[in-house]
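Let me begin by presenting the structure, written as structure tokens, before commenting on it.
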Amino acid sequence: MSRFFSDKYAYLDPYTPGEQPRDRRYIKLNTNESPFPVSELALQEAAAAAERLHLYSDPECTELVKTAAEVFGIDRDEVLFTNGSDEMLNFAFMAFCDDEHPAAFPNITYGFYPVFAEINNLPYAEIPLREDLTIDISDYIDIGKTVFIANPNAPTGIALSRSEIEHIVQRNPDNVIVIDEAYVDFGAESCLPLIHKYENLLVVQTFSKSRSMAGARLGFGAGNPALISDLKKIKYSTNPYNINSMTMAAGIGALKDNEYFRRNCAIIAETRRYTADELRALGFLIPDSSANFLFARHPDIGGEELYLELKERGILIRHLSRPEISEYNRITIGSRKDMETLICTIRSILEEKK
Ligand code: PMP
């Protein structure tokens, strides 16, 4: 730390992204990226946009917003795009939390939520999951806080139903409920249809996972026009050109290529079923996942040990050191071939331990 760094940030414990090593080629099952390339249509649109890089990008994302509104069946003033959904989540903490409206989220969830709360100097409550890693919705009824729920939750992969979330939204009419649907396309029910009905619901989605665009950085929030207008105020006070022209164009292409997206999600769901069956047959305990990853532990090998053994053999999975979940690993669903290699490698690791 330099002697110039402001005291107000000295205490920060930043978010740790998953490893992106360059030293050797790994089978990467650690950051929930898609095994499929971005859609051809997205690539073509991005290449055409590259010719206009001397100009600023459209701060209103006019074409992207129009396309998204059509695809998602929402109005244009109900959506705002951001540089990855991380930026939207940060905007939501900034816009809808303060001393009178502390944030609340599960104690085991996306590790960025407490960091967003800390950097914005916001009070927050971490609500324990049940023993079986599920969210107890009764904890969120009349909670009187700005709620952030990842649905499906990360890193567990466990989803709430739309009606359970609707219940939380109904029972907190004076607080914003933010539903982070980063993984919803892999098997959970989206709350997007509810945004017309409730003024206090913000649904956040990303193009990083199901639309294979992690490196392009594109996400969005959808909600009542008044909420979106609040979020725009934050955007135009921080970075009006937050979406670069190539990403914007790629996003339009990806949305138009909905068939490709749907097919990829279906393949990932099928590969998840195959992987979960095989791992359970090897003795792993895995909650039912609605996401593009599995959260798995094995009675005979520690979480960190398995992670290190696999890394040595060229396979990266995500180990989170938090004590409550340190026996688990989060394993991204990659291609069928990568998952076959994973299962084979784990089988030999377990056999060597006998
Ligand atoms: N929410 C959750 C639950 C996530 O796991 C991630 C990915 N790390 C994000 C949001 C952010 O994704 P992105 O910024 O790539 O849209």
Side-chain angles (χ1 to χ4, degrees), residues 14-20 28-34 38 42 61 64 68 79-94 103 105-117 119 126 129 133 135 147-160 165 177-188 190-192 202-222 231 235 238-239 242-244 247-248 250-251 254-255 261 268 289-295 316-320 322 325 328-333:
Y15 175 70
T16 317
E19 298 164 271
Q20 301 283 4
K28 258 187 105 280
L29 306 175
N30 67 328
T31 47
N32 297 342
E33 289 145 324
S34 173
V38 68
C61 301
L64 177 58
V79 61
L80 176 65
F81 279 89
T82 47
N83 190 310
S85 57
D86 279 339
E87 188 181 50
M88 174 51 69
L89 291 165
N90 189 32
F91 285 180
F93 274 89
M94 292 169 79
F105 40 82
N107 64 336
I108 294 166
T109 189
Y110 184 30
F112 225 141
Y113 299 161
V115 182
F116 288 136
I119 197 168
E126 295 180 285
L129 294 183
L133 302 177
I135 290 174
V147 172
F148 291 79
I149 290 180
N151 194 49
N153 196 13
T156 64
I158 302 169
L160 293 173
I165 290 173
I177 308 299
V178 180
I179 303 300
D180 175 356
E181 296 190 346
Y183 301 103
V184 77
D185 299 323
F186 301 107
S190 174
C191 288
L192 271 179
L202 181 72
V203 174
V204 178
Q205 289 198 4
T206 180
F207 281 47
S208 295
K209 322 287 178 183
S210 53
R211 294 182 198 267
S212 307
M213 279 179 49
R217 315 303 303 127
L218 189 64
F220 66 88
L231 292 159
K235 161 182 154 128
T238 50
N239 187 5
N242 57 344
I243 314 295
N244 75 71
T247 291
M248 210 180 291
L255 285 173
F261 146 83
I268 288 170
S289 169
S290 302
N292 67 337
F293 54 82
L294 296 172
F295 199 48
L316 278 184
I317 58 173
R318 186 85 195 256
H319 180 67
L320 299 157
R322 214 186 149 115
I325 51 170
Y328 284 85
N329 283 296
R330 194 194 67 194
I331 304 171
T332 303
I333 302 301

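Atoms within each ligand, like the ligands themselves, are counted from 1 in listed order. These values consider heavy atoms only, across backbone and side chains, with no hydrogens, waters or symmetry-generated copies.
- For Glu33, the salt bridge (charged side-chain N to carboxylate O under 4.0 Å, His left out) partners at least two apart in sequence or on another chain are Lys28.
- With Phe295 as the aromatic partner, Arg330 does not meet the cation-pi criteria of under 6.0 angstrom to the ring centre and within 45 degrees of the ring axis.
- For Leu320, the side chain to side chain contact (heavy atoms under 4.5 Å, CB included) partners at least two apart in sequence or on another chain are Pro155, Arg318, Ile325.
- Between Phe207 and Phe81, the ring-plane angle classifies as perpendicular under the 30° and 60° cut-offs.
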| request: Starting from the C-alpha separation in whole Å, work towards a yes-or-no answer on side-chain contact (heavy atoms from CB on, under 4.5 Å) for Ile149 and Phe105. | output: CA-CA 6 Å; Ile149 290 180; Phe105 40 82; over 6 Å; no
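- For Lys235, there are no salt bridge (charged side-chain N to carboxylate O under 4.0 Å, His left out) partners at least two apart in sequence or on another chain.
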Measure from every N or O atom of ligand 1 to the protein's N or O atoms and keep only the pairs below 3.5 Å, writing each with atom names and distance to 0.1 Å.
| from | atom 1 | to | atom 2 | distance (Å) |
| --- | --- | --- | --- | --- |
| ligand 1 | 1 (N) | Asp180 | OD1 | 3.3 |
| ligand 1 | 1 (N) | Asp180 | OD2 | 2.6 |
| ligand 1 | 5 (O) | Tyr183 | OH | 2.6 |
| ligand 1 | 8 (N) | Tyr110 | OH | 3.1 |
| ligand 1 | 12 (O) | Ser85 | OG | 3.3 |
| ligand 1 | 14 (O) | Ser85 | N | 3.2 |
| ligand 1 | 14 (O) | Asp86 | N | 3.1 |
| ligand 1 | 14 (O) | Asp86 | OD2 | 3.3 |
| ligand 1 | 14 (O) | Arg217 | NH2 | 2.7 |
| ligand 1 | 15 (O) | Ser208 | OG | 2.6 |
| ligand 1 | 15 (O) | Arg217 | NH1 | 2.8 |
| ligand 1 | 15 (O) | Arg217 | NH2 | 3.4 |
| ligand 1 | 16 (O) | Ser85 | N | 2.7 |
| ligand 1 | 16 (O) | Ser85 | OG | 2.7 |
| ligand 1 | 16 (O) | Thr206 | OG1 | 2.5 |
| ligand 1 | 16 (O) | Ser208 | OG | 3.4 |

